[in-house]
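Okay, structure first, notes after.
Every number for a ligand or one of its atoms is a count from 1 in the order of the listing.
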Amino acid sequence: MDARQPLVGGNWKMNTGPEEALELARAIIDALDADWAQRCDVCLFPPFPWLSHIGREASDSPVLVGGQDVSDKISGAYTGQVSASMLLNSGCTMTLVGHSERRHGLGESDSLLNAKVRQAIAEGLQVMLCVGEQLAEREAGHSEEVVAQQVAAGLEGVLKEDLSRISLAYEPVWAIGTGRNASPEDAQAMHRRIRADLEKQYDAPSASGVRIVYGGSVKPSNADDIFAQPDVDGGLIGGASLDAEAFLAIIQAAASSSAS
Ligand code: PGA
């Protein structure tokens, strides 16, 4: 019943210079010309200034390009913000919303993130909504309710017919950039819970179509085990996505998980 194609995102964050970015993108684009790559969707999330270059570079390839963030506003006097239509015009088809470095690092609220999700899908982008508990919440045994609340708040008002535009990234905050990943079993349990909540909020067929990827210290050495979990549909990769060889090995792990 599950026909979810795995999805692997490369979140470059505030890294790379112009040439390095292009080189990295080219290495991924060239390698994904292979047959195995058709079993996995790949989206690069470069810094905003490189988007149109990389968007152009990727335009005839299966590699998708996305924004690391998007404004909740259509246009206007919002200094420093980037709108959904600007992303679309730069060759993006997707955007991250609610990455922990914005949610927790910059204090973006659930209601702001929900407004971003709604604006992005209204303008035709796909959204990868990031959720995840902090260490103290985990230690207090509250991980599931924290994540359930973030998902419900982030998707408030999102209609069932728009759910196909959404993917979720479960990224425990304590695992991001720390080298310490959630165990495959813990990731599976959280993903299963998220899917069960989506089933209640929408319905089973819609919930079973939503890709829920895991993020937080995914590397070639742990990717197979994490992606083998039935409700883990790929990954959102930070550090390892800056190294073409490591990122490609992770994509290959996701592609093989869909073949099994
Ligand atoms: P990491 O980052 O792979 O470096 O842990 C993941 C993310 O921030 O999306």
What atoms in ligand 1 come closer than 4.0 Å to a heavy atom of [X]?
| X | result |
| --- | --- |
| Ala175 | 5 (O) |
| His99 | 7 (C), 8 (O), 9 (O) |
| Lys13 | 2 (O), 7 (C), 8 (O) |

Applying salt bridge (charged side-chain N to carboxylate O under 4.0 Å, His left out) to Asp162 and Arg118, what does each step give before you reach the verdict? CA-CA 10 Å; Asp162 287 327; Arg118 291 163 67 159; over 6 Å; no
Distance col, row Gln229:CD vs Asp186:CG, nearest 0.5 angstrom, shows 10.0 Å
Any chance you could measure Gln201, atom CD, to Leu155, atom CG, to the nearest 0.5 Å? 6.0 Å
Using only heavy-atom distances, determine whether the side chains of Asp110 and Gln149 contain a donor-acceptor pair under 3.5 Å. yes
Donor + acceptor pair across side chains of Tyr170, Glu133 (<3.5 Å): yes
Do any nitrogen or oxygen atoms of [X] come within less than 3.5 Å of a nitrogen or oxygen of ligand 1?
| X | result |
| --- | --- |
| Gly238 | yes |
| Ser217 | yes |
| Ile176 | no |
| Gly216 | no |

Protein contact of atom 9 (O) of ligand 1 - nearest heavy atom, named by residue and atom, plus distance: Glu171 OE2, 2.5 Å
Which residue owns the protein heavy atom closest to atom 4 (O) of ligand 1, what's the atom, and how far is it? Gly239 N, 2.8 Å
Examine distances only and state if a side-chain atom of Arg195 and a backbone atom of Ala207 form a donor-acceptor pair shorter than 3.5 Å. yes
Which bit of Ser241 is near ligand 1, meaning a heavy atom under 4.0 Å away: side chain, backbone, both or neither? neither
Looking only at heavy atoms of Gly177, does any of them come nearer than 4.0 Å to an atom of ligand 1? yes
Could you walk me through whether Arg192 and Glu199 pass salt bridge (charged side-chain N to carboxylate O under 4.0 Å, His left out), step by step? CA-CA 10 Å; Arg192 183 62 229 139; Glu199 249 171 66; 3.5 Å; yes
Of the non-hydrogen atoms in Trp36 and Leu248, which two are nearest, and what is the gap between them? CH2-O, 4.2 Å
